Amino acid sequence: MNDMNEPWGVEDAADYYRVDAWGDGFFVVNARGHMAVRPHGDDTLQIDIQDILAELRDRGIRFPALLRFQDVLRARVGRLNRAFIEAIEEAGYDNVYHTVYPIKVNQLHEVVEEVLDAGKPYGLGLECGSRAELVATLAHLESDETLLLCNGVKDRSMLSLILSSQRLGKNVIPIMEKYAEFEELVHLADEADQATQFGVRIRLRTSGSGKWADSGGYQSKFGISLPELMRVVDVLRDSDQGHRLALLHFHLGSQISEIPQLRQAARELAHIYAELIGLGLPIRYIDVGGGLGVNYTDASEEGGIRYSLNEYANAVVYAIKEVCDEREVPHPVLVSESGRAITAHHSVLVIETIDAYRKNNADAEPELPGDAHRIAENLDRTLAWLRDTEAGQASVAEVIEAYHDVVDNQEEAATLFAMGYLSLEQNATIERMYWSSCTAVLEHLRALDPEYAPPEVQQLEELLVDQYLVDFSVFQSMLDHWAIEQPFPVVPLARLDERPTRRGMLVDLTCDSDGKMTQYVTADEDKKFVRLHPLNPGEAYPLGIFLMGAYQDIMGDSHNLFGRVSEAHIYADAEEDGNFWIEKVIPGQKVEDILAQVQYFPNDLHRRMQQQVKQKIDAGEMRPKRGMEILDQYKAAFAEETYLVNARVPRKAEE
Ligand SMILES: *Cc1c(COP(=O)(O)O)cnc(C)c1O
């Protein structure tokens with residue numbers, strides 16, 4: 001793959017960017033060398049993402065833009081539910097399964113409505129974890145059977161609202177996270193003279209593993225311990241209210257990495273269920289929480305998910321069935337709160353490349369002038385030696401000695417320049433030669449036996465990577481990448497039939513040194529860079545960042561005040577040109593909208609600016625006409641989108 005002379009085809013691109021590992025049948029490289037979506041997750045229909053971009057540009061939509069494939073969302077809901085239906089049939093499980101969709105994973109109204117609609121045949125419900133989510137979800141319970149589970153710590157007014165919804169006949173189940181919450185609920189229900197149903201989240205012995213391990217097990221932030229559970233049971237039995245406890249729940253945390261852990265947790269909870277049934281509490285639901293994993297990279301990588309949807313469903317169904325059969329208790333309704341597994345695949349962030357910064361530009365290397373600086377002459381000698389010696393012929397020690405010479409010269413140049421002893425021109429020549437020398441050193445080191453590779457190889461590999469400046473903010477659109485180093489697949493959306501010859505790193509627009517992608521999903525051993533194509537003059541180079549649908553596209557914290565990006569909602573349709581139609585486009589947020597979120601308002605800003613302009617005019621430092629032009633220009637910015645207008649992209653529908 002790294003041999004530049006080998007031919008390169010679209011299969012090589014699919015392999016290099018690991019499309020099959022994370023695409024799950026929804027994404028492929030097509031014969032034109034473009035990324036394509038298979039909205040149903042099978043080969044019935046294919047959409048070329050370049051076609052979508054062309055139509056969006058025609059409509060004047062700017063990038064970055066988030067493409068939501070509503071069909072993918074529907075396909076994921078279908079796959080998850082069918083996996084459980086199959087497991088239930090195969091195991092002879094004597095009850096049903098329902099997904100409840102935890103809206104915190106992606107609260108966008110259109111996402112929640114699409115998931116609900118796709119889940120209707122399967123009796124899909126919702127889960128909420130805060131007051132705002134409660135208010136949002138309560139309005140979406142169309143049928144009285146639709147489950148709404150309320151997790152998270154709840155205050156009196158939330159519990160009271162939940163009780164009212166129960167009185168309305170809705171199937172709302174508050175899940176007790178703490179013993180005190182249970183007392184409060186019972187108190188409120190008694191006061192209202194109302195029977196209530198509720199669930200409890202149990203602190204199990206079994207905990208998850210990986211980044212979210214602390215969500216489950218004894219160390220969990222949430223849940224009721226077994227002694228507390230026994231107190232709940234006593235209170236209920238004393239008042240003849242045993243039927244109020246409707247549901248038992250655990251949550252192991254996101255991205256469950258091992259199936260045996262899940263099986264063990266399910267068995268542990270099933271035993272508790274069987275005990276409580278034995279005590280006369282007719283519990284109806286077992287809720288195994290979220291955590292169904294999604295592969296963002298190869299399954300074999302750290303954090304990879306090495307089980308399928310079917311294995312997950314089988315593990316839950318069989319573990320609970322076996323315990324129930326052993327203990328001779330009825331099979332409960334099964335519930336899972338799978339969020340990531342439903343939403344992750346459906347959205348793709350499209351970003352534009354503004355520029356690529358190549359440190360070593362060997363194409364343009366002029367002769368050294370006769371009066372070159374001593375340091376430049378030193379570098380020239382080293383460079384000549386590096387270039388005249390055949391790769392593999394110099395020893396590691398010789399090459400490293402040359403490299404140290406290069407670094408010493410570069411450092412001396414920096415010192416001299418800072419003291420004013422070196423002209424800008426001399427300094428530029430030295431810098432150019434420095435990068436050329438580093439490149440030559442690295443070529444020599446790469447040609448040597450990798451077993452004896454000195455640490456300088458790694459240093460140089462990192463130093464010489466190209467920086468691709470892309471029009472987006474890691475903090476706004478990819479928070480988990482920055483916060484927990486979650487990798488996300490990045491793939492050029494076109495030119496995949498062409499070998500990507502540059503080693504690049506994506507750096508974003510924010511003025512923050514953390515504003516870059518530091519990990520990539522590729523076939524290279526070193527994941528700190530991604531192979532990309534050199535930019536062609538005047539030609540856009542859009543990149544797709546995949547699997548953005550869970551947590552990311554909703555979590556952005558407006559870092560550097562980049563707002564929500566533009567969006568397009570795409571439906572598949574075999575009858576349409578290109579197999580799709582665009583139902584809706586939402587322009588990106590305007591500057592004034594994002595500013596309002598942090599309490600800056602156009603009137604006030606304008607007034608402040610006006611004062612500054614007026615001072616200048618009064619002092620005679622500026623003509624009034626010019627002052628007014630500046631004010632107008634300033635005012636116009638309020639209505640602009642927060643991202644750059646990319647000069648690379650021809651825009652047809654503009655102005
Ligand atoms: C976050 C959360 C979920 C969703 O988890 P996923 O890993 O996205 O499936 C489910 N239940 C609870 C209680 C949660 O906190």
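Treat the numbers as computed from the prediction; the structure is a model and nothing was measured. Remember, it's 1-based here, ligands and their atoms both numbered in the order they're listed.
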Proximal ligand 1 atoms for [X], defined as those under 4.0 Å from one of its heavy atoms:
X: Gly290; answer: 5 (O), 9 (O), 10 (C), 11 (N)
X: Ser338; answer: 9 (O)
X: Asn151; answer: 13 (C)
X: Arg201; answer: 13 (C)

Taking distance alone, with no angle check, do His249 and ligand 1 share an N/O pair under 3.5 Å?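 In this structure, His249 places no N or O atom under 3.5 Å from an N or O of ligand 1.
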Taking both backbone and side-chain atoms of Gly339, is any N or O found less than 3.5 Å from an N or O belonging to ligand 1?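 Yes; the residue has a nitrogen or oxygen that sits under 3.5 Å from a nitrogen or oxygen of the ligand.
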Look at atom 14 (C) of ligand 1 and say which protein heavy atom is nearest, naming residue and atom and giving the distance to 0.1 Å.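 Nearest neighbour among protein heavy atoms for atom 14 (C) of ligand 1, to 0.1 Å: Lys104 NZ, 2.8 Å.
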Counting heavy atoms only, which part of Glu337 comes closer than 4.0 Å to ligand 1: side chain, backbone, both or neither?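 Near ligand 1, Glu337 shows its backbone as well as its side chain.
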Are the charged groups of Asp94 and Lys321 less than 4.0 angstrom apart, N to O?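 No, this pair does not count.
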Interatomic spacing from CG in Leu248 to OH in Tyr273 - rounded to 0.5 Å: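 Nearest 0.5 Å value for the CG-OH distance: 9.0 Å.
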Does ligand 1 have an atom under 4.0 Å from some heavy atom of Ala341?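 Heavy atoms of Ala341 never come under 4.0 Å of ligand 1.
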With distance as the sole criterion, is a donor-acceptor pair present between the side chains of Gln107 and Glu133 under 3.5 Å?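 Yes.
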Could you name the option among Ser254, Gly253, Pro102 that has the heavy atom nearest to atom 7 (O) of ligand 1?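 Heavy atom nearest to atom 7 (O) of ligand 1 belongs to Ser254.
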For the pair Phe198 and Phe182, evaluate ring pair (Phe, Tyr, Trp, His ring centres under 6.0 Å) and give the outcome as yes or no after the intermediate values. CA-CA 9 Å; Phe198 66 93; Phe182 163 71; 5.4 Å; yes
Is atom NZ of Lys178 surrounded by more than 12 heavy atoms (other residues, nucleotides or ligands) closer than 6.0 Å?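 At most 12 heavy atoms, drawn from other residues, nucleotides or ligands, come within 6.0 Å of this atom.
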